[in-house]
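Here, residue 1 is the first one in the sequence, and each next residue gets the next number. All values below were derived from every heavy atom in this structure, side-chain atoms included, with hydrogens, water molecules and symmetry-related copies excluded.
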Amino acid sequence: MTNELIRGVTEADTPAKLVTAVKNLAIAKDEAAIPTLIAVFGYNNPTAAAIASTALVEMGEVAVPQLLTQIDDYNYGARAYSIRTLAAIADPRALDVLVDAAATDFAPSVRRAAAKGLGNLHWHKLEFPENEKAPQRAWETLTFVSQDPEWSIRYAAIAGLQGLTKIPDLQQPIHNRFKQMLDTEPERSVRARILLAQSQ
């Protein structure tokens with residue numbers, strides 16, 4: 001049954017047929033569909049990609065290993081969907097990939113998705129001492145990203161930092177960083193996002 005649904009995706013010859021085939025495959029919620037759903041990210045069909053991403057998020061942690069190994073190094077659109085999906089699942093196994101993407105990816109869409117995701121990982125799933133080291137790495141990365149020349153990436157870094165304020169040891173350093181940013185930030189929307197984060 002799942003094999004037929006997978007074939008429906010790979011053989012779809014119009015955008016509309018692809019969307020229908022991906023919907024049908026998503027409904028199956030079968031782990032065997034994970035590689036095909038990830039491959040859809042690279043088909044240049046945003047509707048199909050969004051359906052595939054939602055299906056993978058609903059599958060949750062079981063999809064994480066293949067999402068991590070199948071990240072597309074060549075297609076930044078596909079990579080952005082993978083990073084957004086990993087961020088939504090929030091499994092801390094994605095930490096290395098999100099840190100790397102937030103700090104170094106050339107595509108702003110990928111960097112924004114990674115920066116937001118870094119603030120909301122499920123740190124409690126890590127064992128000691130990793131559950132203390134990992135949020136610190138996220139904080140260091142987001143502090144670096146919050147200085148980016150591109151305003152939309154700074155904006156995403158603030159969202160990530162706001163998520164990290166759930167970690168008691170990081171609350172004061174993050175609030176200090178927000179104060180520094182308010183002193184220097186020229187972009188009105190970014191300043192507004194800092195003020196929102198401070199008020200939460």
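- Connection of L195 to V190 is established within a shared hydrophobic cluster, with ILVMFWY side chains joined at heavy-atom distances below 4.5 Å, either directly or through further cluster members.
- In this structure, V19 and A48 approach most closely via the heavy-atom pair CG2-N, 4.0 Å.
- Other residues, nucleotides and ligands place more than 12 heavy atoms under 6.0 Å from the CG atom of N131.
- More than 12 heavy atoms of other residues, nucleotides or ligands sit less than 6.0 Å from atom CD of E130.
- Criterion: ILVMFWY side-chain heavy atoms under 4.5 Å apart, direct or through other members. Under it, F144 and L161 are not part of a common hydrophobic cluster.
- Between H124 and H122, the angle of the ring planes lies from 30° to 60°, which puts this pair in the tilted group.
- Side-chain atoms of R93 never come within 3.5 Å of backbone atoms of P65 as a donor-acceptor pair (strictly under, hydrogens ignored).
- R84 places no side-chain N or O within donor-acceptor distance of the main-chain N or O of A113, the cut-off being under 3.5 Å.
- To the nearest 0.5 Å, atom CG of residue L67 and atom CD of residue E61 are 12.5 Å apart.
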**Asked** Step by step, would you call T165 with Q200 a side chain to side chain contact (heavy atoms under 4.5 Å, CB included)?
**Response** CA-CA 9 Å; T165 57; Q200 298 298 305; over 6 Å; no
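- In this structure the side chain of S82 never reaches within 4.5 angstrom of the side chain of D72, judged on heavy atoms.
- With rounding to the nearest 0.5 Å, the separation of CZ in R112 from CD in E150 is 6.5 Å.
- Distance check: L142 CG to L164 CG gives 5.5 Å after rounding to the nearest 0.5 Å.
- Between D91 and K125 no salt bridge is recorded (no basic side-chain N to carboxylate O distance below 4.0 Å).
- Counting all heavy atoms, side chain and backbone alike, A102 lies closest to V145 at O-CG2, 3.5 Å.
- When all heavy atoms of I194 and M181 are compared, the pair lying nearest together is CD1-CB, 3.6 Å.
- Put simply, the side chain of D30 never gets that close to the backbone of A33: no donor and acceptor are under 3.5 Å apart.
- For E187 (side chain) and W151 (main-chain N/O), no donor-acceptor pair under 3.5 Å exists by modelled atom type.
- The CD atom of Q198 sits 9.5 Å away from atom CD1 of I158, with the distance rounded to the nearest 0.5 Å.
- Put simply, I89 and L118 are part of the same group of oily side chains (I, L, V, M, F, W, Y) that touch within less than 4.5 Å, one to the next.
- Between the side chain of T69 and the main chain of Q66, a donor-acceptor pair closer than 3.5 Å is present.
- Using modelled atom types, one side-chain atom of S146 and one backbone atom of T143 make a donor-acceptor pair closer than 3.5 Å.
- Of all heavy-atom pairs between A94 and L68, the closest is CA-CD2, 3.9 Å.
- How far CD1 of I71 is from CZ of F41: 10.0 Å, rounded to the nearest 0.5 Å.
- L126 places none of its side-chain heavy atoms less than 4.5 Å from the side chain of K133.
- Between T104 and R111 the shortest side-chain heavy-atom distance does not fall below 4.5 Å.
- Under a 3.5 Å cut-off, the side chain of T85 and the backbone N or O of Y81 do form a donor-acceptor pair.
- Of all heavy-atom pairs spanning A52 and V22, the tightest one is N-CG1, 4.0 Å.
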**Message:** With side chain to side chain contact (heavy atoms under 4.5 Å, CB included) as the criterion, how do V9 and L5 come out once you've worked through the C-alpha distance, each side chain's angles and the decisive distance to 0.1 Å?
**Reply:** CA-CA 7 Å; V9 171; L5 295 171; over 6 Å; no
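- In plain terms, the two heavy atoms of A12 and K17 that are nearest each other are CB-C, 3.9 Å.
- Remark: side-chain polar atoms of R193 are not paired, donor with acceptor, to backbone N or O of Y155 under 3.5 angstrom.
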**Asked** Where do E132 and Q136 land on the side chain to side chain contact (heavy atoms under 4.5 Å, CB included) test, with the steps shown first?
**Response** CA-CA 7 Å; E132 290 187 357; Q136 186 70 30; over 6 Å; no
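- Both L121 and V62 sit in one connected hydrophobic cluster of ILVMFWY residues. Membership requires side-chain heavy atoms under 4.5 Å apart, directly or through other members.
- Rounded to the nearest 0.5 angstrom, L18 CG and L25 CG are separated by 10.5 Å.
- Contact annotation: the side chain of K23 never approaches that of T20 to less than 4.5 Å [non-hydrogen atoms, C-beta and beyond].
- Taking hydrophobic clusters as Ile, Leu, Val, Met, Phe, Trp and Tyr residues chained together by side-chain heavy-atom distances below 4.5 Å, Y74 does not share a cluster with F106.
- Looking at K179, Q172, Q180 one by one, the single match for side chain to side chain donor-acceptor pair (under 3.5 Å) with N176 turns out to be Q172.
- R154 contributes no side-chain N or O that, together with a main-chain N or O of Q147, makes up a donor-acceptor pair within less than 3.5 Å.
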